[in-house]
K.L.:
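Quick one: this structure, given as structure tokens, is what I'll be asking you about.
It should be emphasised that the depicted structure is a prediction, and the values quoted were computed from it without experimental measurement. Start at 1 with the first residue, then count along the sequence.
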Amino acid sequence: MSLENDFELPEDIIIPPTDLWSDEPIESDIHRQQINLLIDSLNGFWCYRQDLYISGNLTIYYKQEQLQAREFCSPDFFVVLECERKPRKSWVVWGEDGKMPDVVIEILSERTAAIDKGLKKQIYQNILRVGDYFWFDPYSLEFAGFHLVGGKYQPIAANSQGWLWSHQLELYLGIDQQKLRFFTADGELVLTEAEFERQQKELAQKRVEILTAQLKTLGVEPEM
């Protein structure tokens, strides 16, 4: 049965609201910085795309009949493909044609690690059917990933650099300078917009230094 059919209701039933606020606090500064880094780098890398949604620390409401029981989840980072790219207060599945996240990343903490590895993993596998699920501990640098195969999560094998391939995003995830980062299939680090601008300034400065040195070897003072 399709996801769309899962959320079809008889005409005489009132559909719950789809304009719901998120209900998720932030863990710590380190968690916030890591989440923002993932969001900013992927937003910059895919700035031209209008067919996906990238967010984090945002509530996903996936059971319309369980709002009062607070049965929902809030991934630290997630991506939904093949949807409209626009700001949202939360991700309400029955207001998004039954679309579930394609990729989820949880940033572990002492408080959440057991849940992220247990209950949430089961929810992502059995209910949301998330294609790729990863977790990362910013303190111990524990890192693992799983790909949904036949309805069950299978561990993703690391490459020689310790990176894990996201089948949904067609990008690697790996640790760089104690941060979880995205890498292209060619091994290039996916930069945030700020990092890209800084890189361009550094390259421009190096070109100036090289030109200055060449002029001096010719007896020409650059200031002239």
Side-chain angles (χ1 to χ4, degrees), residues 26-58 60 75-83 85 91 100-109 112-113 116-117 120-121 124-125 128-149 153-207:
I26 198 71
E27 279 287 315
S28 68
D29 283 343
I30 290 179
H31 284 74
R32 175 177 51 79
Q33 291 164 4
Q34 176 63 81
I35 293 168
N36 289 344
L37 181 58
L38 292 170
I39 293 173
D40 292 347
S41 58
L42 212 55
N43 269 328
F45 186 65
W46 279 332
C47 60
Y48 60 92
R49 292 184 59 172
Q50 298 301 317
D51 63 343
L52 79 168
Y53 179 66
I54 304 166
S55 190
N57 203 50
L58 197 80
I60 296 175
D76 289 324
F77 173 89
F78 68 94
V79 179
V80 186
L81 304 173
E82 299 179 6
C83 68
R85 189 170 192 170
W91 185 267
M100 306 285 192
D102 294 282
V103 177
V104 165
I105 302 174
E106 292 288 2
I107 311 302
L108 304 182
S109 70
T112 66
D116 292 337
K117 295 179 181 181
K120 276 194 171 182
K121 184 182 176 185
Y124 297 146
Q125 173 185 271
L128 272 62
R129 298 191 286 278
V130 177
D132 291 335
Y133 174 47
F134 302 88
W135 67 58
F136 172 67
D137 189 319
Y139 295 97
S140 69
L141 304 186
E142 176 187 348
F143 177 42
F146 306 87
H147 178 58
L148 197 65
V149 179
Y153 276 141
Q154 301 298 325
I156 300 174
N159 67 3
S160 59
Q161 294 166 292
W163 300 349
L164 305 182
W165 179 251
S166 170
H167 298 258
Q168 302 296 322
L169 301 179
E170 297 186 333
L171 292 170
Y172 282 109
L173 273 159
I175 300 172
D176 180 71
Q177 297 184 11
Q178 297 186 313
K179 299 291 185 183
L180 188 63
R181 302 298 302 264
F182 290 107
F183 298 86
T184 67
D186 296 327
E188 295 293 325
L189 177 66
V190 176
L191 302 176
T192 65
E193 183 177 353
E195 288 174 329
F196 178 76
E197 291 177 354
R198 183 166 62 249
Q199 182 190 69
Q200 295 305 302
K201 289 180 180 179
E202 291 174 353
L203 290 173
Q205 180 60 35
K206 287 182 180 179
R207 286 194 288 268

K.L.:
Go through the structure and list residues passing side chain to side chain donor-acceptor pair (under 3.5 Å) with E106, not counting sequence neighbours.
P.N.:
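E106 satisfies side chain to side chain donor-acceptor pair (under 3.5 Å) with K120, Y124 only.
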K.L.:
Kindly list each side-chain donor-acceptor pair under 3.5 angstrom involving residues 41-55, sequence neighbours excluded, with atom names and distances?
P.N.:
unit_1: S41; atom_1: OG; unit_2: L37; atom_2: O; d: 2.9
unit_1: S41; atom_1: OG; unit_2: L38; atom_2: O; d: 3.1
unit_1: N43; atom_1: OD1; unit_2: R85; atom_2: NH2; d: 2.7
unit_1: N43; atom_1: ND2; unit_2: I39; atom_2: O; d: 3.4
unit_1: R49; atom_1: NE; unit_2: D51; atom_2: OD1; d: 2.9
unit_1: R49; atom_1: NH2; unit_2: D51; atom_2: OD1; d: 3.2
unit_1: R49; atom_1: NH2; unit_2: D51; atom_2: OD2; d: 3.3

K.L.:
Could you report the tightest heavy-atom contact between P101 and L128, atom names first, then the distance?
P.N.:
CD-CD2, 4.0 Å
K.L.:
For the pair W163 and F183, evaluate side-chain contact (heavy atoms from CB on, under 4.5 Å) and give the outcome as yes or no after the intermediate values.
P.N.:
CA-CA 9 Å; W163 300 349; F183 298 86; 3.4 Å; yes
K.L.:
Step by step, would you call Y133 with L148 a side-chain contact (heavy atoms from CB on, under 4.5 Å)?
P.N.:
CA-CA 8 Å; Y133 174 47; L148 197 65; over 6 Å; no
K.L.:
Looking at I107 and P138, what are the two nearest heavy atoms and their distance?
P.N.:
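The answer is CG2-CD, 3.6 Å.
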K.L.:
Any non-hydrogen side-chain atom of D40 less than 4.5 Å from a side-chain atom of E193?
P.N.:
no
K.L.:
CD1/I105 to CG/D76 distance, rounded to the nearest 0.5 angstrom?
P.N.:
9.5 Å
K.L.:
Compare every heavy atom of G145 with every heavy atom of L164, then report the nearest pair and how far apart it is.
P.N.:
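That closest heavy-atom pairing would be CD1-N, 3.3 Å.
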K.L.:
Cation-pi between K121 and Y153: NZ/CZ under 6.0 Å from ring centre and within 45° of the ring axis?
P.N.:
no
K.L.:
Check this for me, if you would: do K179 and D176 make a salt bridge, where the nitrogen-to-carboxylate-oxygen distance has to be below 4.0 angstrom?
P.N.:
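So K179 does not pair with D176 through a salt bridge.
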K.L.:
So, Q34 side chain and L180 main chain: donor-acceptor pair closer than 3.5 Å or not?
P.N.:
yes
K.L.:
Let me confirm one number: the CZ-CG distance from F77 to L58, rounded to the nearest 0.5 Å.
P.N.:
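Answer for the CZ-CG pair, F77 versus L58, is 12.5 Å.
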K.L.:
Write down the atom of R32, the atom of D29, and the distance for their closest heavy-atom approach.
P.N.:
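Shortest heavy-atom separation between R32 and D29 comes out as NH2-OD1, 3.0 Å.
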K.L.:
With sequence neighbours left out, write down each residue that passes side chain to side chain donor-acceptor pair (under 3.5 Å) with S140, or none if nothing qualifies.
P.N.:
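With neighbours one apart ignored, the set is D137.
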K.L.:
Return the minimal non-hydrogen interatomic distance between R181 and L191, and the atom names on each side.
P.N.:
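Closest approach of R181 to L191, heavy atoms only: NH2-CA, 4.1 Å.
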K.L.:
For W135, enumerate each residue passing the side chain to side chain donor-acceptor pair (under 3.5 Å) test, keeping only those at least two apart in sequence or located in another chain.
P.N.:
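W135 satisfies side chain to side chain donor-acceptor pair (under 3.5 Å) with E142 only.
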K.L.:
I want to check something: taking the side chain as every heavy atom from C-beta on, are M100 and V130 in contact at a cut-off of under 4.5 Å?
P.N.:
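Sidechains of V130 and M100: no contact.
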K.L.:
Where the side chain of D116 meets the backbone of L108, is there a donor-acceptor pair that is under 3.5 Å apart?
P.N.:
no
K.L.:
Kindly give the heavy-atom pair with the smallest separation between V80 and C83, and that separation in Å.
P.N.:
O-SG, 3.4 Å
K.L.:
Tell me every residue that passes side chain to side chain donor-acceptor pair (under 3.5 Å) with Q154, counting only those two or more places apart in sequence or in another chain.
P.N.:
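Listed in chain order: nothing, the list is empty.
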K.L.:
Take the angle between the ring planes of H31 and Y139 and call it parallel below 30°, perpendicular above 60°, tilted in between.
P.N.:
tilted
K.L.:
Taking C-beta and beyond as the side chain, do F78 and D102 meet within less than 4.5 Å on heavy atoms?
P.N.:
no
K.L.:
I want to check something: taking the side chain as every heavy atom from C-beta on, are F136 and L141 in contact at a cut-off of under 4.5 Å?
P.N.:
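Yes, their side chains come closer than 4.5 Å.
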K.L.:
Anything under 3.5 Å between a donor and an acceptor, one on a side chain of residues 166-174, the other on a protein residue two or more places apart or in another chain? List them.
P.N.:
unit_1: S166; atom_1: OG; unit_2: D132; atom_2: OD2; d: 2.8
unit_1: S166; atom_1: OG; unit_2: L169; atom_2: N; d: 3.2

K.L.:
Quick one: CD1 on I156 to NE2 on H147, what's the gap to the nearest 0.5 Å?
P.N.:
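Between I156 CD1 and H147 NE2, I get 7.5 Å after rounding to 0.5 Å.
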K.L.:
Closer than 3.5 angstrom, by distance alone: can the side chain of N159 be matched with the main-chain N or O of Q161 as a donor-acceptor pair?
P.N.:
yes
